[in-house]
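All ligand and atom numbering here is 1-based and tracks the order in the structure.
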Amino acid sequence: MTILALETSCDETGAAIIVNGQIKSNILASQAKTHLKYGGVVPEVAAREHVLSIIPTINLALKKAKTKLAEIDYIAVTKGPGLMTSLMVGVDTAKTLGLTLNKPVLPINHLEAHIYANVAFDKLRQHKSLIPERSRRVKFPAIILIVSGGHTMLVLMRGHGQYKIIGETVDDAAGEAFDKTARLLGLPYPGGPHLSKLAKNGNPHAFKFPRPMINSDDLNFSFSGLKTAVLYEVQKLDSRFRGNGQRGKLKANLAASVQQAIVDVLIAKTEQAIKKYQPKTIMLGGGVAANDLLRARYKLLAKSYQLSVSIPPLKYCTDNAAMIGLAAHYKLLTTHYPDAEIVRSRLRPKRRSKLPTKTFVADPNLALA
Ligand code: KG4
Ligand code: ZN
């Protein structure tokens, strides 16, 4: 089963080839440099960049995987959530290819793909817990913390494709909190990785930032207050920031303290969810899952409750097309398309009537369901 997967939900143009659940290629044309001068993603600019990059990215993915277009069985594409005009480039490209190649196009939820990044493996590292062929060994229920630039949510998964959102942010996402506070510290876009790098030289206890909603008795998050607290602190310190030799140290301390506050909340809420839902596995997903401190603390949390833990390899945390293809692969294997009970691992699309027939459109607000 060969899948060409496309991802264009935000500012990365991605194309990947997945053959029988293995990543044969995963190409990313990043627009980070283009958006750098604006300090954030400009949707119209992002869409134009996707238009320019999508075909060369697909060609490169095919070439690297030594695969011909004629060998593709399915085309998977991010349907949403994301930026509407960016999504439309991927969806329209996928539909056009589907029409010309006479192959089915599978709409994929970007958040579900962040979850299924957990089945990506590098070299010998294999995540067995989610492999459907070994479904008797799947350790459900699982709890997944999805932390990206646009979303922060805790998801309870009782089986493949069965999602219940048990908590989410009431305002900013965790990635947004990283990006916005990084900007206050004068760090370039995208702020998360820069802030986390700077934090390595800082004292995480130097500043006492709020941990919003950490003690609330639901599983929701709030990060907008943190941003305001950092703004006040930066303003207070502005005179010290300007000029003296402590500037670098103060910035590193601020970065480390912000990171600590965000990660403390994420871990505390996941722990509350563990106590409430008694999962067997906990997983991470989304761009912020690339954060070193969060990865380390998440593993410790799993250990202290003796749970299985799964965290995607770094390059599959931030947006990429491989995770879209993997989500499609596992959806086909685990019967989440209408016809899927006949689907097995050596699935070939035989008759068009057995495949999803409904047409679809890009959906910027697509929910995880
Ligand atoms: O999943 P993603 O690539 O895109 C969305 O779906 O939003 O997530 C991007 C977010 C950005 O906010 C970025 O700053 C954050 O992930 N991020 C990080 C790190 N790497 C990426 N945040 C903290 N530490 C990192 N190392
Ligand atoms: Zn994402």
Side-chain angles (χ1 to χ4, degrees), residues 5-14 16 26 28-32 35-36 39-41 43 46 77-83 86-87 90 108-118 120 144-153 155 168-169 172-185 187-200 202 204 221 223 226-227 255-256 258-267 284-298 311-324 326-327 364-366 368:
L6 305 180
E7 154 63 35
T8 64
S9 67
C10 189
D11 61 340
E12 314 273 9
T13 316
N26 183 32
L28 209 59
S30 175
Q31 304 175 6
H35 298 288
L36 188 67
V41 179
V77 64
T78 307
K79 174 182 172 180
L83 301 172
S86 290
L87 289 166
I108 299 296
N109 185 307
H110 183 84
L111 298 174
E112 192 170 11
H114 272 309
I115 295 173
Y116 275 83
N118 278 284
I144 301 101
L145 174 66
I146 302 178
V147 269
S148 71
H151 295 84
T152 296
M153 55 174 69
V155 179
E168 59 190 321
T169 183
D172 290 353
E176 224 175 331
F178 269 105
D179 294 343
K180 288 179 176 169
T181 50
R183 202 171 172 175
L184 292 172
L185 300 185
L187 299 173
Y189 162 86
H194 290 284
L195 189 137
S196 123
K197 200 168 159 210
L198 185 62
K200 289 195 198 318
F221 305 84
F223 290 106
L226 179 62
K227 181 183 62 193
V258 169
Q259 177 175 261
Q260 188 75 20
I262 297 172
V263 172
D264 275 356
V265 175
L266 295 174
I267 295 295
L284 256 188
V288 182
N291 184 272
D292 289 343
L293 181 66
L294 179 60
R295 293 170 83 87
R297 297 262 313 266
Y298 212 73
I311 301 178
L314 274 183
K315 65 179 166 196
Y316 303 118
C317 290
T318 42
D319 289 351
N320 65 88
M323 67 182 192
I324 305 300
L326 289 169
N365 302 313
L366 185 66
L368 185 67

Does the residue Cys10 have a heavy-atom contact with ligand 1, meaning some pair of atoms that are separated by less than 4.0 Å?
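Cys10 does not count as a contact of ligand 1 under the 4.0 Å cut-off.
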Do any heavy atoms of His151 fall under 4.0 Å from ligand 1?
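No, that is not the case, since the closest heavy atom of the residue is not under 4.0 Å from the ligand.
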Short list, please: which atoms of ligand 1 are under 4.0 Å from a heavy atom of [X]?
{"X": "Ala290", "result": "20 (N), 26 (N)"}
{"X": "Gly149", "result": "5 (C), 7 (O), 8 (O), 9 (C), 10 (C), 12 (O)"}
{"X": "His110", "result": "6 (O)"}

Looking only at distance, does [X] have an N or O less than 3.5 Å from an N or O of ligand 1?
{"X": "Phe178", "answer": "no"}
{"X": "Pro190", "answer": "no"}
{"X": "Gly286", "answer": "no"}
{"X": "Glu176", "answer": "no"}

So how far is it from Leu83 CG to Thr8 OG1, rounded to the nearest 0.5 Å?
9.5 Å
For ligand 1, which part of [X] has a heavy atom less than 4.0 Å away: the side chain, the backbone, both, or neither?
{"X": "Ser196", "value": "side chain"}
{"X": "Gln259", "value": "neither"}
{"X": "Asp179", "value": "side chain"}
{"X": "Glu12", "value": "neither"}

Do any of the N, O or S atoms of His110 sit under 2.8 Å from the Zn ion (ligand 2)?
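Yes - counting backbone and side chain alike, His110 has an N, O or S atom under 2.8 Å.
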Strictly under 2.8 Å, is the Zn ion (ligand 2) approached by any N, O or S atom of His114?
yes
Counting C-beta onward and ignoring hydrogens, is there a side-chain heavy-atom pair between Asn320 and Glu7 closer than 4.5 Å?
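Answer no - side chains too far apart.
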How is the N/O/S atom of Asp319 that comes nearest to the Zn ion (ligand 2) named?
OD1
Would you find a donor on one side and an acceptor on the other, under 3.5 Å apart, between the side chain of Glu12 and the backbone of Leu28?
no
